[in-house]
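Okay, structure first, notes after.
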Amino acid sequence: MEKNVDPYEKVAQFYPQVQWDALQPMVEEINALKKEKNAVILAHNYMTPDIYHGVADIVGDSLKLAQEAAKTKANVIVQAGVHFMAETSKILCMDKTVLIPDMKAGCSLAESMTGADVRLLKEKYPGVPIVTYVNTTADVKAETDICCTSGNVVKIIKKLRDEGHKQVFCIPDKYLAQNTQAQVPDIQILTWEGACEVHEKFTTQDIQKYRDQYKDVIVLAHPECPADVVKAADLSGSTAQMIDYVQDKQPERVILITECSMGDNITATNPNVEFIRSCQLCPHMKRITLPKILHSLKTMTTEILVDPDIAAKAKRAVDRMLEYSA
Ligand code: 13P
Ligand code: SF4
């Protein structure tokens, strides 16, 4: 994050001064505790602006957060994100303390599949490589060949195609699989019945209505959206890829078909872009709040623990993803 910039400048549109005055002592206390405990806060792009601009050390999509977890020198990682993200950090850094401010911050995709489900798929389809979205539990990762995120799934599936595979599993998100299939038609992508409860709510009718009302609006959609929604968008990509697009291209008007905080977090740094609101809240991400981060650092809770054997197997799949994305 930028140093020596008053975080209020970046969040003024969302917090009246009086509200920020109440939050500021908490921001300062968290930042002091981070130094005292040699802790780092890894925050996903869906965190609210007070977290994103006030206390996060690293912000990014799932891929960037995993890359940063793998190389941090801090003793403690506070994951401002959902459980699977914290578990991924732990898998990569078994010697570090990884904390999540709310253990109930889950994910409908991670809950859609178990390690036993993957074992059954492997029995039924021997030899078919299993690419698993990072939005899964350590148990599921431990059973798979390679992980992926929305930022590198196309690259990874293309690599497997180039190695001569004719079929591949991309699990558990059926929409991520369908959207990837559209970009890589010359390998058959098999999938699972998982879906993101946030992104599956978007429809093409919504997009058409926005296009009718806001002429020339650029529509960016996350690949967890249904395939027809992604088709109706101008571009699809991970949360970081959407942010990069806005920053590089500076569209006059844009709609981010994803979680609400994304637009809020980049509004101040893109003053010439008009953000049209069409977003959904992720109830799991929104469990992470400034008071809970403060409590987490003060009490060093709640610690993420992963069975070492499962972690070692899961790490192979995550490491392979990081190598492929380097
Ligand atoms: P990104 O990797 O694109 O940030 O997505 C993570 C996620 O959970 C989106 O819902
Ligand atoms: Fe999971 Fe969807 Fe929330 Fe992302 S937005 S954490 S995929 S439920």
Side-chain angles (χ1 to χ4, degrees), residues 42-48 51-52 56 58-70 79-89 92 100-113 131-137 140-141 147-156 170-180 191-202 220-226 229-230 233 235-246 256-266 278-288 318 321-322 324-325:
L42 303 186
H44 186 258
N45 290 326
Y46 293 163
M47 290 296 103
T48 46
I51 296 173
Y52 190 94
I58 303 287
V59 292
D61 63 357
S62 314
L63 178 60
K64 166 109 184 268
L65 298 183
Q67 287 166 330
E68 294 293 334
Q79 198 84 34
V82 291
H83 187 271
F84 77 80
M85 295 176 173
E87 215 178 39
T88 305
S89 293
L92 289 165
I100 185 154
D102 188 328
M103 265 301 219
K104 292 202 197 101
C107 169
S108 64
L109 280 167
E111 277 146 34
S112 71
M113 193 165 208
V131 178
T132 296
Y133 201 22
V134 282
N135 299 38
T136 45
T137 60
V140 167
K141 289 185 178 79
C147 284
C148 72
T149 70
S150 53
N152 59 22
V153 59
V154 169
K155 194 172 175 181
I156 286 170
C170 177
I171 52 174
D173 186 347
K174 63 180 173 185
Y175 295 129
L176 185 75
Q178 288 165 13
N179 291 322
T180 307
T191 188
W192 189 250
E193 257 309 306
C196 161
E197 67 185 81
V198 178
H199 290 90
E200 71 178 350
K201 293 199 184 96
F202 293 105
L220 308 183
H222 196 277
E224 288 169 10
C225 294
V229 171
V230 165
L235 188 111
S236 171
S238 78
T239 56
Q241 288 164 339
M242 288 192 216
I243 293 175
D244 288 348
Y245 179 93
V246 172
L256 305 178
I257 302 293
T258 190
E259 215 274 349
C260 295
S261 292
M262 272 272 294
D264 298 348
N265 288 331
I266 58 170
S278 169
C279 59
Q280 300 278 352
L281 281 175
C282 172
H284 309 290
M285 290 280 183
K286 296 287 105 94
R287 281 184 172 276
I288 308 299
V318 179
M321 168 184 89
L322 295 177
Y324 274 38
S325 326

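Bear in mind the structure is a predicted one, so any value in this text is a computation, not a measurement. The basis for the numbers below is simple: all heavy atoms, side chains too, and nothing from hydrogens, waters or symmetry mates. As the structure lists them, so they are numbered: ligands from 1, and atoms in each ligand from 1.
- Side-chain contact annotation: T258 with H199, donor-acceptor N/O pair under 3.5 Å present.
- For ligand 1, the atoms lying closer than 4.0 Å to a non-hydrogen atom of D61 are 1 (P), 2 (O), 4 (O).
- Polar contact with ligand 1: present for S150 (N/O pair, distance under 3.5 Å).
- Counting heavy atoms closer than 4.0 Å to ligand 2, residue E259 contributes nothing at all.
- Neither side chain, T239 nor D61, offers a donor N or O lying under 3.5 Å from an acceptor on the other.
- Of all the atoms in ligand 1, the ones that sit under 4.0 Å from a non-hydrogen atom of E224 are 7 (C), 8 (O), 9 (C), 10 (O).
- For S62, a nitrogen or oxygen atom sits less than 3.5 Å from a nitrogen or oxygen atom of ligand 1, counting backbone and side chain alike.
- Ring geometry, H44 versus Y46: the interplanar angle exceeds 60°, so the pair is classed perpendicular (tilted spans 30 to 60°).
- Of all protein heavy atoms, the one lying nearest to atom 2 (Fe) of ligand 2 is C196 SG, 2.3 Å.
- At least one donor-acceptor pair under 3.5 Å links the side chain of W192 to the backbone N or O of S112.
- Residue contact check: H44 has heavy atoms under 4.0 Å from atoms 1 (P), 4 (O), 5 (O), 6 (C) of ligand 1.
- Under a 4.0 Å criterion applied to the non-hydrogen atoms of H222, ligand 1 contributes the atoms 1 (P), 3 (O), 5 (O), 9 (C).
- Taking every heavy atom of S238 and a limit of under 4.0 angstrom, the matching atoms of ligand 1 come to 3 (O).
- Of all atoms in ligand 1, numbered sequentially from 1 with element shown, those under 4.0 Å from a heavy atom of Y46 are 9 (C), 10 (O).
- Checking C107 against atom 3 (Fe) of ligand 2, every N/O/S atom stays at or beyond the 2.8 Å cut-off.
- Given atom 3 (Fe) of ligand 2, the protein heavy atom at minimum distance is C282 SG, 2.4 Å.
- For the ligand labelled ligand 1, residue H199 lies inside the 4.0 Å heavy-atom shell.
- Set against the non-hydrogen atoms of N135, the atoms of ligand 1 under 4.0 Å away are 7 (C), 8 (O).
- Two residues are said to be in side-chain contact when any heavy atoms from C-beta on lie closer than 4.5 Å; M113 and E193 fail this criterion.
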